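Inspection log for the structure reproduced underneath, given as structure tokens.
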Number of protein chains: 2
Amino acid sequence: MTGHITHASHLSGNSDRSPAVSIRDVARAAGVSHQTVSRVINDSPKVSRATREAVLAAIDQLGFRPNRAARALAGGPVQSVTVLGSNTSLYGFAAPLEGVEEASRDAGFGMGFRALESLNPADMRDAVERAIEPAGALIVIAFDQAGAMALECVPPEVPTVAMIQAPSSATLPGRPSVWIDEFAAAKEATEYLLGLGHATVHHLAIPSWSAATRRMEGWRAALEQAAVRPPNALQGGWTAQSGYEAGCKLAKDSRVTAVLAGNDEIALGVMRAMHEAGRRVPDDISVVGFDDVPYARFFSPALTTVRQDFKTLGKVAFHKLLELSHSGRTAPTLASPQAQLIIRESAGPPPRSGPRGRQAIATPLGTRPDTGPNSHDEGEENDR
Amino acid sequence: MTGHITHASHLSGNSDRSPAVSIRDVARAAGVSHQTVSRVINDSPKVSRATREAVLAAIDQLGFRPNRAARALAGGPVQSVTVLGSNTSLYGFAAPLEGVEEASRDAGFGMGFRALESLNPADMRDAVERAIEPAGALIVIAFDQAGAMALECVPPEVPTVAMIQAPSSATLPGRPSVWIDEFAAAKEATEYLLGLGHATVHHLAIPSWSAATRRMEGWRAALEQAAVRPPNALQGGWTAQSGYEAGCKLAKDSRVTAVLAGNDEIALGVMRAMHEAGRRVPDDISVVGFDDVPYARFFSPALTTVRQDFKTLGKVAFHKLLELSHSGRTAPTLASPQAQLIIRESAGPPPRSGPRGRQAIATPLGTRPDTGPNSHDEGEENDR
DNA sequence: GTGGGTGATGTGACCGGTCACCTCTCCTCC
DNA sequence: GGAGGAGAGGTGACCGGTCACATCACCCAC
């Protein structure tokens with residue numbers, strides 16, 4: 001209530017320590033020993049109801065907050081996590097981060113972040129060590145190779161949860177991990193495209209350091225179920241740029257009428273490439289993305305995509321970590337929020353008489369190409 | 001070289017402390033006192049050359065790393081920062097974060113992140129306190145109201161650098177802050193649009209809790225210089241959704257032929273709204289964005305926008321913080337990387353005979369509207 | 001020759017928690 | 001009625017750094 005809180009803050013070692021309220025102050029106020037206060041703030045069962053309440057009252061009155069540094073030093077529960085990932089501006093990395101942050105905040109935990117830049121093993125080991133040191137617990141965004149490599153550098157005794165693309169990949173056995181099961185959604189998306197009449201669906205995959213992604217498996221399963229031989233999946237990058245580059249190649253192949261892109265940025269790049277090549281989306285070619293970034297519905301055409309609940313993924317990862325630290329190390333792996341197909345405008349039936357010939361000359365990025373008129377209205381909004 | 005490093009890691013207070021190498025181990029190995037080691041790792045001048053080298057050798061050999069917690073506890077230099085901001089998935093917030101992370105990593109600092117969710121003063125105060133506690137130093141992303149409010153809650157003795165929109169706004173005097181001076185670029189963008197022949201340029205602003213943003217001032221300056229009375233700036237949000245909503249209104253006003261949007265997502269929303277209203281970009285209406293998000297060049301039309309070097313902004317903020325902590329509190333405010341107009345496709349001359357009538361009926365988001373053909377090729381790529 | 005710098009180093013307390021271990025009380029059971 | 005436990009609480013050391021202060025050698029000036 002009163003709670004004047006003073007800060008002992010200084011980057012450099014100045015000497016203006018302010019007398020922050022400590023466990024012993026609380027003890028004095030409550031008429032108990034400092035150890036009893038420690039027991040109370042750690043929910044030890046060995047404190048009587050009356051004493052606990054007295055201590056809690058004192059804590060409240062003095063505005064006491066346990067000091068993270070002291071606690072860490074003394075080997076207590078550290079109460080903070082470091083997230084390790086290679087990127088923060090990609091939505092697929094930023095959104096889970098947001099989820100972890102929210103969950104950690106709710107739990108009174110601190111959250112740190114460390115980026116992975118180099119793939120060099122020594123650097124990687126170093127980055128992991130630096131990440132472990134302040135927090136003692138890790139959440140690794142292991143969607144990409146950097147994250148997967150980092151995961152391998154983490155000593156087994158460090159409480160760690162990995163966010164991964166697929167459970168089958170080279171995750172250490174027993175290492176708790178969370179993922180979004182995109183198999184069903186990828187399958188559904190592919191079936192949706194086949195259902196629109198496409199002879200086949202091409203897949204422009206996000207990078208995968210191990211075998212295949214779940215979304216790739218779902219895509220393949222749908223094709224096989226429809227007795228279509230899956231074309232080779234194209235290995236792409238993470239960015240719109242990579243989608244654009246791949247799209248430029250795909251645009252030249254007139255058999256390509258439907259593309260399932262590895263994420264929404266890639267899908268945007270593909271659409272741009274098609275646009276430049278004079279192939280209209282969705283009239284000539286259908287494009288479906290992955291993620292449902294917040295701005296995907298404002299593309300023209302609005303992107304049909306598979307929504308992923310990344311934020312919840314982050315929250316689940318954090319809670320997994322909590323569970324791991326509470327109940328020993330008895331946490332296996334766990335699937336989390338389902339993905340969901342969001343139908344918008346970027347996919348439609350294939351062109352009537354097979355793919356028609358290119359009608360505009362492919363122009364390099366930066367010149368405004370023509371856009372032909374079009375006139376039908378399938379593709380209902382299925383949003384929200 | 002050898003450097004076996006052990007981790008004293010546990011979330012819950014288990015007792016498997018591993019004997020991490022401490023300052024006293026190093027002292028023993030080097031045949032000096034622990035205090036001398038402390039002096040060496042803190043670059044104290046009061047150590048002889050020979051001793052310093054012996055200690056450094058021992059440090060290297062044992063793979064010693066100072067313990068952050070112990071250091072913080074003892075009141076030494078904390079060597080970590082917390083970034084406080086309201087969002088991580090918006091590019092304008094994520095990119096500076098990335099810059100801070102990189103700079104902090106290079107300096108051997110830890111980086112934490114805390115999100116601001118509630119605008120409630122009590123919650124805000126609480127969030128700030130929690131952010132200060134573990135690191136002792138703050139970087140506040142104060143582009144939006146939440147950040148600005150947080151800034152006001154920070155006690156003056158806490159080393160803090162603010163990233164702000166404009167220096168004139170309600171920043172506490174003397175509080176070091178960094179910003180990108182967008183005045184010139186906003187002016188240039190507006191002049192560019194006027195130069196294309198537009199009678200006026202409308203501005204759809206990002207939220208600003210204080211008077212005006214620099215970009216708004218630049219926009220106004222260009223108009224005034226051209227003897228055009230600036231129309232009222234529209235207050236928007238941060239997202240594509242908000243741009244879309246505002247765009248729907250703008251589309252109805254036939255005098256609007258050029259829009260300077262507060263950021264690229266807003267610009268996308270505006271373009272979408274125009275598209276639905278049957279107003280072609282750039283033929284009927286020109287749209288210019290702000291930020292140059294990595295995918296902006298893949299929009300159709302590719303977005304003409306003002307590039308901001310957010311990453312460098314983050315780095316500058318961090319270095320400012322370092323400087324602040326080293327050389328007392330003698331850091332005033334400082335302008336940082338210039339913004340730059342990137343010309344792509346989304347802006348062009350206004351329609352010949354004044355804005356032509358709407359040719360398609362405005363349709364709600366989700367129905368695929370027509371796109372008319374178009375045929376000219378201004379708008380050169382000025383990219384990279 | 002002695003007092004007083006100054007530069008290099010050592011000593012011990014301390015930061016604010018936790019841990020291991022001890023004490024004291026009260027209850028139960030043989 | 002005394003051994004044995006369980007429950008509640010206290011005591012002091014300790015984590016790994018830093019700080020304030022003491023020490024010691026050495027040089028210079030009076």
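Note that the coordinates shown come from a computational prediction; the quantities given were computed from them, not determined experimentally. Order of the sequence lines fixes the chain letters, A, B, ..., with proteins taken first and strands second; residue numbering starts at 1 for each chain.
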Gap between atoms NZ and C1', on B:K46 and D:dA25 respectively (whole Å): 14 Å
Short side-chain N/O contact from A:S38 to OP1 or OP2 of C:dT18, under 4.0 Å: yes
B:T51 side chain near C:dT9 phosphate (N/O to OP1/OP2, under 4.0 Å): yes
Sugar-phosphate, base or nothing in reach of A:R68, heavy atoms under 4.0 Å: nothing
Nucleotide C:dG16, atom P - distance to CG of A:N67 in whole Å: 7 Å
Donor-acceptor pair (no angle test) under 3.5 Å: B:R71 side chain, D:dG16 base: no
Phosphate contact (D:dG9 OP1 or OP2) by A:S48 side-chain N/O below 4.0 Å: yes
Length of the line joining A:I23:CD1 and D:dG12:P, which is rounded to integer Å: 16 Å
Residue whose closest nucleotide on DNA chain D lies nearer the 5' end, A:P45 versus B:R39: A:P45
Position toward the 5' end of DNA chain D (nearest nucleotide), A:R49 or A:H34: A:R49
Short side-chain N/O contact from B:S22 to OP1 or OP2 of D:dC15, under 4.0 Å: no
Euclidean distance, atom CG of residue A:D25 to atom P of C:dG16 [Å, nearest integer]: 8 Å
